Structure formats: C-alpha cells, structure tokens
> 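Before anything else, here's the structure in question.
Because the structure is predicted, anything quoted here is derived from the model rather than measured. Letters A, B, ... mirror the listed sequences (proteins, then strands); counts begin at 1.
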There are 2 protein chains.
Amino acid sequence: MKLSEGVEWGLHCVSVLAGLPSGATLPTKTLAEYHGLSETYLSKHLQALTNARIIESVPGPRGGYRLLRLPEEITLLEIVEAIDGREPLFRCTEIRQRGPLACEASAQAYRLPCGIHVAMARAEKAWREALKTQTLADIVNQYTQDVDPQQQQRRNQWMSERLRSAPKKS
Amino acid sequence: MKLSEGVEWGLHCVSVLAGLPSGATLPTKTLAEYHGLSETYLSKHLQALTNARIIESVPGPRGGYRLLRLPEEITLLEIVEAIDGREPLFRCTEIRQRGPLACEASAQAYRLPCGIHVAMARAEKAWREALKTQTLADIVNQYTQDVDPQQQQRRNQWMSERLRSAPKKS
DNA sequence: ATATATTGGATATATTTTATCCTTGATATT
DNA sequence: AATATCAAGGATAAAATATATCCAATATAT
Ligand code: FES
Ligand code: FES
C-alpha cells in the first residue's frame, strides 16, 4: 500500500517549473541534477506528466520542459494520477461471488454493490477530494517560503544559469 | 499505488465472524472455503488480525477464530492497517536535501517540513479518517441486507454446520 | 551538418506481493 | 496416555511490480 517513489519526484519537479519565468524551460538533466535523481528514470516520469498534459516538452537544443497550464489550474490529484495511474487503491475482486454457495441463482443479489467495497470506496473518495482541492499554486507558496533568503538567492542563480527560453507552441 | 489483496479477504472474513453467535468460532478452512480462497495464505492474514487484537484464536480440535471485540468497536482502519501495515501511502525521501545546493549550511531550513509532504499527508489523513469513522458494525448491516432471504437462509445453514463453540479465554 | 533534447520501445534488475510448506505447541476427545 | 485437530510462525519459492538503463528515432536551434 504505497505510492510510487516517482510521485515525490514529479511533485517536486513541477513545483520547480512553476517558479520559472513565463515561457522558460528546464531540461531533464537540470531537473535531475537539482534533485539528485537518475536522469533516465526521471525522464520517464516527465513523459507521463507530458502525456497527462500537465507539462509541455520543447525538443531540440535549448529545449526542455515547462508547465502547460497555470499552477492554480493544476491539482495534486492530476499529478499523482499522471505518474501513479488511475486504478483504485482498494481492489475488489468480488470474492463474495467465489464461494461454494455464491454461484447458484444469486446473480440477482450481486447487482447491489458489496458493502465492503462501498465503504472502502468512500474513504478513497475522501483522499482524492483532498488531493483535488489542493493546487500546485498552494504548494509553491509554501515551497518557496521554507527556504531562507540566502539559500533562495543561491537557488535562483543556479536556476537562472540553466534556464532556457523557447517560443510558445501553437 | 494499491492495497494488498489480503485487505479484501480480511474485511470479508471479519464480517462473517461478526455475524456469529457470541463465543462461536470458525476455523481457517471454513473461512477459506466459504470465500474460495487459499487456506494457507488466508491463514497468514488471520494471524495478522490476531496480532492486531481484532480477532482471537482458539487452538485445538473444535477451535478456530472469533472476534475479540464488538463490531461497533472495530474500525475499518484497524483492519486495513493490521493486514497492509501502517506505513504512509506517500513516502517522502527528502529529495529536497539531495541536490548539489541543498547540502551546505541549510540544515536550519529543513527543520520545517516540506510543503509537498504536508499536502500529501493532509490527503492521507482524510483517507484514514474516513476509514476510522466506519466500523465493522456499519458494514455488517449493509452486508447482510444485500442477500435475498432464500440465499441468506442457505448461508446460515451452511455456517451452522461448521460452527464451533469454545469457552471464553481468561 | 551538428549538437542538444524529448519520445518511446526493449530490456534488465530489485523489491514486493502472493503463496506454499513444515515444524512446533496447544487442546479437546477418546 | 494417545490421537486428531487446530493455530503460530519461520523458511522458502514463485509471480508480479516497481525501479532503472539503454538505444534508435525524431525534432530543432545554431
Ligand atoms: S466482494 Fe469485493 S469488497 Fe466485497
Ligand atoms: S522532500 Fe519529500 S516531499 Fe518534499
């Protein structure tokens, strides 16, 4: 019962991208180096975020990734689902239908959903709702507050040395 | 990102045990047969529920398992955590501390929790709360309603043929 | 042309989940 | 006392996922 480690990677990467000037991009290499991550594997997660239309890729020299939408319009749920998938946490395999008694003449009863399944789904909905009501903007606010001024300046310079500018796509 | 399949097994088993007369037990074999599950593997999950003090084991002939507490006093969260563990869904590996910039002189800043970590923990708390506020009694009510009368009677007879009585422990 | 990027498929490795087996100890029954 | 039935728990084994790398293909600024 756990989310893939890539979720933490993805959340941190989009947070960094959210702090960039409009239109600017960062390549995989920079994002991986900044967080101390495997470049090739991070690339997979960035692809997933691209397919989910959360970030956008700019190929070629001076290319990289940038946000496709405003941080206010990107929910944490989208990011989590892009990387970790959309399958439910709780997997109901309908074991109520598997016993020696179940099979016969009770198809009728099984049109009603299993009470256990319903209860677990209720909790899962609460989780998804909580992720849906927090946006990337909410996180970035806290994210940049944490750092002390000196550290933040060093970070900004490090970033600006690696920044790319690229024209907006169609 | 998914819970172990054993969670569904455990929830269904304790629901069955909750419907038994006071003091009565069912052996692993019967629980496995009723749900169409592997007996040896189900045994592992029942052990976990025993260690979590949700159910109780009675060794020896005519032994088996029974609830250790009233269904009203057993939350779904307890059952889920007994089988699937208590580790958080989201694993923060502190990647913010791993980059080339992070290591130096910023230990101060890292005493504050990471904003991403906090946001994910908030959603997780919503999930746990939703599981905590639903008890086994809530489920059993729905569980037994689903079955039509004829089916329910067949089920009751099947169970009563396999029921065990055993004295309460100290 | 060339160098820098992403894309996506193929593949390898590590870890976790699922499952079985077997020995030990407890306890009703005979 | 002997026997049969049951859970407990350790040691593996097998299967499924998660993690990670590599490479050929494509796009594009210079
Ligand atoms: S049958 Fe799947 S949760 Fe009840
Ligand atoms: S460092 Fe782990 S979530 Fe930010």
> Counting just side-chain N and O atoms, does A:Arg91 come under 4.0 Å of either OP1 or OP2 of C:dT18?
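Yes.
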> Rounded to the nearest angstrom, tell me the gap between atom CG in B:Leu46 and atom P in D:dA8.
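From B:Leu46 CG to D:dA8 P: 8 Å.
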> Whole angstrom is fine here: how far is it from CG in B:Leu49 over to C1' in D:dA8?
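Rounded to whole Å, this separation is 14 Å.
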> Using side-chain contact (heavy atoms from CB on, under 4.5 Å) as the criterion, list what pairs up with A:Leu163, not counting sequence neighbours.
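Checked A:Leu163 against side-chain contact (heavy atoms from CB on, under 4.5 Å); matches are A:Leu20, A:Pro21, A:Ala24, A:Leu26.
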> According to salt bridge (charged side-chain N to carboxylate O under 4.0 Å, His left out), who are the partners of B:Glu73, at least two apart in sequence or on a separate chain?
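Partners of B:Glu73 by the salt bridge (charged side-chain N to carboxylate O under 4.0 Å, His left out) criterion come out as none, since no residue qualifies.
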> Taking only residues two or more places apart in sequence or in another chain, which ones pass salt bridge (charged side-chain N to carboxylate O under 4.0 Å, His left out) with A:Glu78?
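For A:Glu78 the salt bridge (charged side-chain N to carboxylate O under 4.0 Å, His left out) partners, ignoring immediate neighbours, are A:Arg69.
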> Which heavy atom of A:Phe90 sits nearest to which heavy atom of B:Val7, and what is that distance?
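For A:Phe90 and B:Val7, the tightest heavy-atom pair comes out as CE1-CG1, 3.9 Å.
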> Grab the CG-P distance between B:Leu31 and D:dC6 for me, whole Å please.
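The answer, rounded to whole Å, is 12 Å.
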> Sort and list the pairs that fulfil salt bridge (charged side-chain N to carboxylate O under 4.0 Å, His left out) and have at least one residue in residues 112-124 of chain A, not counting sequence neighbours.
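Only A:Glu124-A:Arg128 qualify under salt bridge (charged side-chain N to carboxylate O under 4.0 Å, His left out).
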> Which whole-number value in Å describes the distance from A:Lys29 NZ to C:dT4 P?
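Going from A:Lys29 (NZ) to C:dT4 (P), I get 9 Å.
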> When you get a sec, tell me which of C:dT18, C:dT6, D:dC6 is the closest nucleotide to the side chain of A:Pro27?
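Nearest to the side-chain atoms of A:Pro27, counting from C-beta on, is C:dT6.
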> Please give, in whole Å, the distance from C:dT6 C1' to A:Leu68 CG?
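Result: 15 Å.
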> Would you please name every residue forming a side chain to side chain donor-acceptor pair (under 3.5 Å) with B:Tyr34, sequence neighbours left out?
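Once residues adjacent in sequence are excluded, the partners of B:Tyr34 under the side chain to side chain donor-acceptor pair (under 3.5 Å) criterion are B:Arg155.
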> In which stems does DNA chain C show up, taking only runs of three or more Watson-Crick or G-U wobble pairs whose two distances fall under 3.5 Å?
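Stems (3+ consecutive pairs) listed as C:1-30 with D:1-30.
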> Where is the tightest heavy-atom contact between B:Ala123 and A:Ala130, given as atom of each residue plus distance?
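Closest heavy-atom pair between B:Ala123 and A:Ala130: CA-CB, 3.5 Å.
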> State which residues pass side chain to side chain donor-acceptor pair (under 3.5 Å) with A:Asp138; sequence neighbours excluded, sorted by chain then number.
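A:Asp138 satisfies side chain to side chain donor-acceptor pair (under 3.5 Å) with A:Thr135 once adjacent residues are dropped.
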> Run the side-chain contact (heavy atoms from CB on, under 4.5 Å) test against A:Gln153 and tell me which residues pass, sequence neighbours left out.
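Checked A:Gln153 against side-chain contact (heavy atoms from CB on, under 4.5 Å); zero matches.
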> For nucleotides 21-30 of chain D, give me one character per nucleotide, 5' to 3': B if any protein heavy atom sits under 4.0 Å from the base, S if the only such contacts are to the sugar-phosphate, - if neither.
B-----BBBS
> Using a 4.0 Å heavy-atom cut-off across all strands, classify A:Gly6 as base, sugar-phosphate, or nothing.
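No contact.
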> Counting only heavy atoms and a strict 4.0 angstrom limit, can you tell me which residues of residues 7-25 of chain A come near DNA chain C?
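The stretch gives none, as no residue of it lies under 4.0 Å from the strand.
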> Name all residues meeting the side-chain contact (heavy atoms from CB on, under 4.5 Å) criterion together with A:Ser15; count only those two or more places apart in sequence or in a different chain, and write none if there are none.
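Expected list: A:Leu136, A:Ile139, A:Tyr143, B:Ile116.
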> Using a heavy-atom cut-off of under 4.0 Å over every strand shown, decide if A:Thr50 touches base, sugar-phosphate, or nothing.
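It contacts sugar-phosphate atoms only.
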> Just to confirm, is there a sub-4.0 Å distance from OP1 or OP2 of D:dT19 to any side-chain nitrogen or oxygen of A:Ser4?
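Indeed, a polar side-chain atom of A:Ser4 lies that close.
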> Figure out the CG/C1' separation between B:Leu42 and C:dC21, and round it to whole Å.
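Whole-Å distance recorded here is 16 Å.
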> Specify the separation, in whole Å, of atom CD of A:Glu33 and atom P of C:dA5.
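Those two atoms, CD and P, are 12 Å apart.
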> So, using side-chain contact (heavy atoms from CB on, under 4.5 Å) as the criterion, who are the partners of A:Lys44 when residues are at least two apart?
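For A:Lys44 the side-chain contact (heavy atoms from CB on, under 4.5 Å) partners, ignoring immediate neighbours, are A:Tyr41, A:Gln47.
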> Starting at CG of A:Leu89 and ending at P of C:dT17, how long is that distance when rounded to a whole Å?
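Rounded to the whole Å, the gap is 14 Å.
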> Looking at B:Ser57, does any N or O in its side chain come under 4.0 Å of the phosphate oxygens OP1/OP2 on D:dA8?
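B:Ser57 to D:dA8 OP1/OP2: side-chain N or O found under 4.0 Å.
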> Check whether any side-chain nitrogen or oxygen of A:Asn51 sits under 4.0 Å from OP1 or OP2 of C:dT7, and answer yes or no.
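For C:dT7, neither OP1 nor OP2 has a side-chain N or O of A:Asn51 closer than 4.0 Å.
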> Taking the six-membered ring of A:Trp158 as reference, does the cationic atom of A:Arg162 (NZ for Lys, CZ for Arg) lie under 6.0 Å from its centre and within 45° of its axis?
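A:Arg162 over A:Trp158 ring: yes.
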